Amino acid sequence: MSGRDFTIVCEVEPATRPDLMHVRHQIGSMSRVASSFLIPDNHIGRATVSSIAVAHEVALMGGDAIACLNARDRNVLGFRRDLLTAAAYGVRQFLFVYGDRPETGTRSDDLTVRSMLAEARRFDDDIGSASGRLSLGVSARIGPLPAWKQEADALFVQVSFSVPELLEWREHVEFDGPVYAGVMAPPSATMARKLSADIPQLAVPPELIDALKSDRDAGVDFACRMVSDVRDSGAFDGVHLIPVSRYREIAARLDPT
């Protein structure tokens with residue numbers, strides 16, 4: 001970890017309506033334990049308020065925000081527009097992802113995470129920012145790390161439900177920047193089963209699904225243990241924590257006061 005402090009990057013549930021009250025409540029609740037907030041972009045293929053606009057709102061609340069941008073919904077011109085908008089708002093931290101399959105219609109094939117990374121570097125060189133260089137993160141699967149991802153500033157590892165799996169992966173990955181392990185708190189057995197069916201590589205362990213059937217806090221307990229175990233391992237710089245709807249309970253469990 002190169003001496004860096006352990007960081008909790010909390011993902012917020014984005015707004016699907018023109019009202020940021022719920023987002024503000026999440027920020028207020030999790031600010032006791034989160035170092036920064038990740039703002040999703042058109043989450044699970046549904047239209048949401050711009051991640052750049054929400055990241056700016058988080059900054060106005062005194063928080064540190066990372067705006068997620070996905071390749072699915074953009075062409076090159078649209079991506080350049082987003083970078084200009086972010087520069088105007090002072091948003092300089094990003095996570096680039098490929099994007100989930102949209103609920104309707106087709107995805108754009110104009111951009112990839114790799115091309116977004118290259119385009120953002122060119123933008124940074126040409127435009128610059130009074131607040132400093134852009135910080136560009138990319139997602140990483142549990143598996144070999146493509147060489148081009150070494151050009152990113154941070155790695156956000158896919159959600160795992162196994163600390164040993166994460167540690168085995170980390171042992172074989174060399175990366176100079178911060179690496180965040182993905183941790184999720186499934187809120188219900190129904191959601192856990194759906195996640196497992198839709199995204200097999202993120203399958204929730206059967207024992208956790210069974211526990212959720214009788215204890216709605218089982219996902220909270222599991223996620224908080226994972227955060228503690230990942231921190232104690234010393235192998236990661238932090239976690240990318242996805243509390244889903246259970247952010248109040250997780251904040252209460254992780255708050256040291």
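Residues take their numbers from the sequence shown, with the count starting at 1. Values reported hereafter were calculated over all heavy atoms of this structure, with side chains retained and with hydrogens, waters and symmetry mates removed. Since this is a predicted model, take the numbers as computed values, not measurements.
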K.L.:
If I take atom CG from residue Asp110 and atom CG from residue Asp73, how far apart are they, to the nearest 0.5 angstrom?
P.N.:
11.5 Å
K.L.:
Shortest non-hydrogen contact from Ile39 to Ala65?
P.N.:
CG1-CB, 4.5 Å
K.L.:
Are the side chain of Asp255 and the backbone of Arg32 linked by a donor-acceptor contact shorter than 3.5 Å?
P.N.:
no
K.L.:
Might you point out which heavy atoms bring Gly137 and Phe156 nearest each other, and give the distance in Å?
P.N.:
CA-CE1, 4.4 Å
K.L.:
When rounded to the nearest 0.5 angstrom, what is the spacing between NE2 in His240 and CG in Leu38?
P.N.:
4.5 Å
K.L.:
Given side chains that start at C-beta, do those of Ser36 and Val9 come closer than 4.5 Å, heavy atoms only?
P.N.:
yes
K.L.:
Heavy-atom distance under 4.5 Å between the side chains of His25 and Tyr247, does that happen here?
P.N.:
yes
K.L.:
Would you please test Trp148 and Thr112 for side chain to side chain contact (heavy atoms under 4.5 Å, CB included) and show each step?
P.N.:
CA-CA 12 Å; Trp148 63 266; Thr112 64; over 6 Å; no
K.L.:
Got a salt bridge between Asp41 and Arg74, using NZ or NE/NH1/NH2 to carboxylate O under 4.0 Å?
P.N.:
yes
K.L.:
Below 4.5 Å, heavy atoms only, C-beta onward: do Leu95 and Glu11 meet side chain to side chain?
P.N.:
no
K.L.:
Are Arg246 and Asp217 side-chain neighbours, meaning at least one heavy-atom pair lies under 4.5 Å?
P.N.:
yes
K.L.:
Report the C-alpha separation of Val183 and Phe222 in whole Å, then their side-chain angles, then the decisive distance to 0.1 Å, and conclude whether the side chain to side chain contact (heavy atoms under 4.5 Å, CB included) test is met.
P.N.:
CA-CA 9 Å; Val183 176; Phe222 185 90; over 6 Å; no
K.L.:
Applying side chain to side chain contact (heavy atoms under 4.5 Å, CB included), run through Leu195 and Met184 and close with a yes or a no.
P.N.:
CA-CA 11 Å; Leu195 178 67; Met184 177 186 285; 3.6 Å; yes
K.L.:
Is it true that Lys213 and Asp210 have a side-chain N and a carboxylate O under 4.0 angstrom from each other?
P.N.:
yes
K.L.:
State plainly whether the residues Arg121 and Asp153 are in salt-bridge range, i.e. N to O under 4.0 Å.
P.N.:
yes
K.L.:
Give me the atom names and distance for the closest heavy-atom approach of Leu155 to Ala140.
P.N.:
CD2-CB, 4.3 Å
K.L.:
Taking Val204's backbone N and O only, do any of them form a donor-acceptor pair with Ser196's side chain (distance below 3.5 Å, no angle check)?
P.N.:
yes
K.L.:
Is the count of non-hydrogen atoms from other residues, nucleotides or ligands lying under 6.0 Å from Glu168 atom CD greater than 12?
P.N.:
no
K.L.:
Answer yes or no: is there a side-chain heavy-atom contact under 4.5 Å between Ser51 and Pro14?
P.N.:
no
K.L.:
Keeping the roles fixed (side chain from Arg24, backbone from Glu57), state whether a donor-acceptor pair exists under 3.5 Å.
P.N.:
no
K.L.:
Spell out, as yes or no, whether a donor-acceptor pair under 3.5 Å connects the side chain of Thr7 to the backbone of Ser35.
P.N.:
no
K.L.:
Closest heavy-atom contact between Gln158 and Ile142?
P.N.:
OE1-N, 3.3 Å
K.L.:
Answer yes or no: is there a donor N or O on one side and an acceptor on the other, between the side chain of Arg114 and the main chain of Leu117, under 3.5 Å?
P.N.:
no
K.L.:
Does Glu249 reach the main-chain N or O of Asp221 with its side chain, forming a donor-acceptor pair under 3.5 Å?
P.N.:
no
K.L.:
Between Arg133 and Asp125, is the closest basic N to carboxylate O distance under 4.0 Å?
P.N.:
yes
K.L.:
Using atom types as modelled and distance alone, determine if a side-chain donor or acceptor of Asp19 lies under 3.5 Å from a backbone N or O of His22.
P.N.:
no
K.L.:
Report yes or no: does Ser31 contribute a side-chain atom to a donor-acceptor pair with the main-chain N or O of Gly28 at less than 3.5 Å?
P.N.:
yes
K.L.:
Is the backbone of Ala235 close enough, under 3.5 Å, to the side chain of Arg170 for a donor and an acceptor to pair up by distance?
P.N.:
yes
K.L.:
Pairing donors with acceptors under 3.5 angstrom, does anything connect the side chains of Asp64 and Gln93?
P.N.:
yes
K.L.:
Could you walk me through whether Phe37 and Val54 pass the side chain to side chain contact (heavy atoms under 4.5 Å, CB included) check?
P.N.:
CA-CA 10 Å; Phe37 296 91; Val54 177; over 6 Å; no
K.L.:
Nearest 0.5 Å, what's the OG-CZ distance between Ser188 and Arg193?
P.N.:
8.0 Å
K.L.:
Is any side-chain heavy atom of Val157 closer than 4.5 Å to a side-chain heavy atom of Phe236?
P.N.:
yes
K.L.:
Calculate, to the nearest 0.5 Å, the distance between atoms CD and CG belonging to Glu165 and Leu167 respectively.
P.N.:
10.0 Å
K.L.:
What are the two closest non-hydrogen atoms of Ala15 and Leu20, and how far apart are they?
P.N.:
CB-CD2, 3.9 Å
K.L.:
Does any non-hydrogen side-chain atom of Leu241 lie less than 4.5 Å from one of Ile250?
P.N.:
yes
K.L.:
For a 4.5 angstrom cut-off between non-hydrogen side-chain atoms, does Pro186 reach Phe161?
P.N.:
yes
K.L.:
Could you tell me whether a side-chain N or O of Ser228 sits under 3.5 Å from a main-chain N or O of Arg225, the two making a donor and an acceptor?
P.N.:
no
K.L.:
What's the shortest heavy-atom distance between Asp237 and Gly177, and which atoms?
P.N.:
OD2-O, 4.0 Å
